Number of protein chains: 2
Amino acid sequence: MTIRDVAARAGVSPATVSRVFTQPDAVAPDTRRRVLDAAEELRYTPNPVARSLARRRTGNLGIVVPDIANSYSAMIIKAVQLEARHAGYALFVAASEELLDDEERVARALAPQVDGLLLASPLGTDAYLRELAELVPVVVTNRLVDGVSAVVAESAETTGHAVEHLHALGHRDIAYLAGPDGYSNTRRLAGLRDAGDRLGLRPVVLGPFPARFSSGVRAADLVLAAGVTAVVAFNDDIAAGLLNRFADRGVRVPDHVSVVGHDDTALAEMVTPRLTTVHIPAGAAGVTAAQMLITQLRGDNGAPRRSELSSELIVRGSTGPAPARPA
Amino acid sequence: MTIRDVAARAGVSPATVSRVFTQPDAVAPDTRRRVLDAAEELRYTPNPVARSLARRRTGNLGIVVPDIANSYSAMIIKAVQLEARHAGYALFVAASEELLDDEERVARALAPQVDGLLLASPLGTDAYLRELAELVPVVVTNRLVDGVSAVVAESAETTGHAVEHLHALGHRDIAYLAGPDGYSNTRRLAGLRDAGDRLGLRPVVLGPFPARFSSGVRAADLVLAAGVTAVVAFNDDIAAGLLNRFADRGVRVPDHVSVVGHDDTALAEMVTPRLTTVHIPAGAAGVTAAQMLITQLRGDNGAPRRSELSSELIVRGSTGPAPARPA
DNA sequence: GACGACTGTGTAACCGGTTTCGCGACGTTT
DNA sequence: AAACGTCGCGAAACCGGTTACACAGTCGTC
């Protein structure tokens, strides 16, 4: 069923049929009726591929995340997907699996078939990201690159608040479980160090660990061996792994050791005790990034924009007063 | 940069350039060299949209899941995405948000711009699914529809095993927390009833509940009020919610009450105690479904296929001997 | 040396839409 | 009644590739 079939059936030219579907009030009401009826009878629906070619825009957005199964990514994808659909875009999703090469390959493959690209916590170099941004409108999250629009929902300060919180509870020996090298980990580490310096603490840094539950399980024993009374983990998954292993070893949280996560994913509320964690507004970041991209696509000049969302320490049950002596 | 630019630069016709990129050994080695050099210098890369139009296939697959943030969906998406990429396809992801209308709308919107469509646990009617399958090759998971290829990883029997397990532990009063109406819930309920009849038990059915953590939290008190000693939940999220609320109320698992989940998502290992759960091989189902779809696209006649994966009861810490008297 | 098979390449139609441009009909203005 | 603006529509070019077909040149065969 092509536009020409419909045109023939309705006794008009293909151009008119096209208009009916793109600028309906550029065509006389009764002609429109005839065309719509013909389209209906033929069960015609415009071919989006042909339309993309002619219009030179696809109506698609793409997003590249480090790992789909990771709940932080999932929150962003979900937000972006909703926002995209709302604006009439479909969404391509691709995962880099935390591999630099894949990220680049995937992004380049996606670029020519989308109108805009979102990169969540990208690993690539600044130069590559800028180059990609030449090719297609790009918005990155959790990353700052000159000349590329960005949404960050990451503040070193808030990690600092976590340290202050622990310090106020009497903790003096704190460990940080590093995540994969990248913007987030660097910022979190910086916030930790700053606050540590201010308060006269020298946090022990362990890792880097993959940002997974199993890393936390493994790290738990290292933490105990390090003789600290509190741990700040790169993310909630790692923190949940800690809690799990601590429970198995009979180490009570927060009585023996306090645990702080990052991200405030759904998991934080699901574990026992609930996680004290640095809330990163992933959903809001996704929405903002998507909107930013879409406004850019609507012509709003090409100047890169930047948006900063505020994070916040959420105190729950996994932190408490430091024990008299380390676990 | 179009194919004609490259052709001009290399001193050949557009057809030859096209051949270089599609059937490289149909063109003489030195011509090929010249074309590739020209393409390189012009940083030319074939426009996938134009290519899709001409070839009448897009190189894209689509997947519609009930909820992206749901970890069961995430496991499937991840598996499918990997498999798709491996076969040279990009993946569209869309969520129905558990809304029937959205599912249909989204699927129809995706259909014309993909070569094949995967529907994970679809809600739509059989008729609609069959109709969709006329439009574009479709594979569904966790659902059986005549004439549509399917992968099921759901067996009523395994839910029955959970009941036997509980019965063997001395439980006589069991509750089932129903999930959203659909294939999975129906099967699970059937398995439960069958086993119940066989063993002389009459499970109390509560719900239906949305398949979320918060449902479990809410359901926990209903469960206690029902005076049962064991609960089988529709999925792990609900089960985790139960554990959470039980912990808050001081109800010990499995001493006071035993809990069984479904799906064996990552969460099952993350909670305390670890969840006894019916393992559904979501990843394998995703891989199988994707492969099935891809083989179908490769011409392998149009006959609908069907694949059944086996589920399995995984016993972990959340189930134990029935207490002398209900909690 | 003529014939046929095979290779490599170009011409042009095609995929299914969109959009520029121009034309005729009609209504308004003077 | 002539001049002008507006409206609705069609013809045709175009988006950027692919591919059927034709054709020229080369090689092997009898």
Side-chain angles (χ1 to χ4, degrees), chain A residues 1-39 42-60 88 90 109 111-115 135-136 297 299, chain B residues 1-39 42-60 88 90 109 111-115 135-136 297 299:
Chain A
M1 281 312 97
T2 82
I3 205 170
R4 315 198 199 239
D5 297 324
V6 178
R9 191 117 165 64
V12 298
S13 80
T16 300
V17 178
S18 176
R19 286 189 193 102
V20 168
F21 286 96
T22 53
Q23 344 163 22
D25 29 41
V27 25
D30 54 338
T31 315
R32 193 191 313 155
R33 230 338 354 114
R34 277 215 317 286
V35 169
L36 287 175
D37 288 349
L42 269 46
R43 318 185 103 264
Y44 166 81
T45 162
N47 176 326
V49 175
R51 177 175 276 189
S52 299
L53 181 59
R55 287 198 182 153
R56 294 139 118 246
R57 24 195 214 84
T58 61
N60 298 330
Q113 47 191 329
V114 299
D115 296 340
L135 226 57
V136 60
L297 298 182
Chain B
M1 281 310 97
T2 82
I3 206 171
R4 317 200 198 239
D5 297 325
V6 178
R9 191 118 166 62
V12 300
S13 80
T16 299
V17 178
S18 176
R19 287 189 194 103
V20 167
F21 286 96
T22 53
Q23 344 164 21
D25 29 40
V27 22
D30 55 338
T31 316
R32 193 191 313 154
R33 224 353 340 120
R34 279 216 315 287
V35 169
L36 287 176
D37 288 350
L42 269 46
R43 319 186 101 263
Y44 165 81
T45 163
N47 177 327
V49 174
R51 177 174 277 188
S52 300
L53 181 59
R55 286 196 182 155
R56 293 134 124 250
R57 32 196 208 83
T58 61
N60 298 329
Q113 48 192 328
V114 299
D115 296 339
L135 226 59
V136 60
L297 298 182

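First the proteins, then the strands, lettered A, B, ... as listed; each starts at 1. Bear in mind the structure is a predicted one, so any value in this text is a computation, not a measurement.
Residue pairs meeting the salt bridge (charged side-chain N to carboxylate O under 4.0 Å, His left out) criterion with at least one member in residues 13-25 of chain A: none, sequence neighbours excluded.
The shortest non-hydrogen separation linking Thr31(B) to Val27(B) is CB-CG2, 3.8 Å. The two residues Ala90(B) and Gln113(A) have their closest heavy-atom pair at CB-NE2, 4.3 Å.
In terms of the side-chain hydrogen bond (donor to acceptor under 3.5 Å, both in side chains) criterion, residue partners of Thr58(A) (sequence neighbours excluded) are, by chain and number, Asp115(A). By the salt bridge (Lys or Arg N to Asp or Glu O under 4.0 Å) test, Arg33(A) is found to be paired with Asp37(A), residues two or more places apart in sequence or in another chain being considered. In this view, Arg9(B) and Glu41(B) satisfy the side-chain hydrogen bond (donor to acceptor under 3.5 Å, both in side chains) rule, not counting sequence neighbours.
One axis for each end of the helix from dG1(C)-dC30(D) to dT30(C)-dA1(D), each built from five base pairs, and the angle between them comes to 40° at 10° resolution.
Note: CZ (Arg34(B)) to P (dG10(C)) measures 8 Å, nearest angstrom.
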Base-contact (B) and sugar-phosphate-only (S) positions in nucleotides 15-25 of chain C, heavy-atom cut-off under 4.0 Å, - elsewhere: BBBBBB-----
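Among the atoms of the strands shown, only primed sugar atoms or phosphate atoms (P, OP1, OP2) are found under 4.0 Å from some heavy atom of Thr31(B).
Exactly one of Ile3(A), Asp30(A), Val20(A) qualifies for a side-chain contact (heavy atoms from CB on, under 4.5 Å) with Val35(A). That residue is Val20(A).
Going from atom CG of Leu36(A) over to atom CZ of Arg34(A) covers 11.0 Å, rounded to the nearest 0.5 Å.
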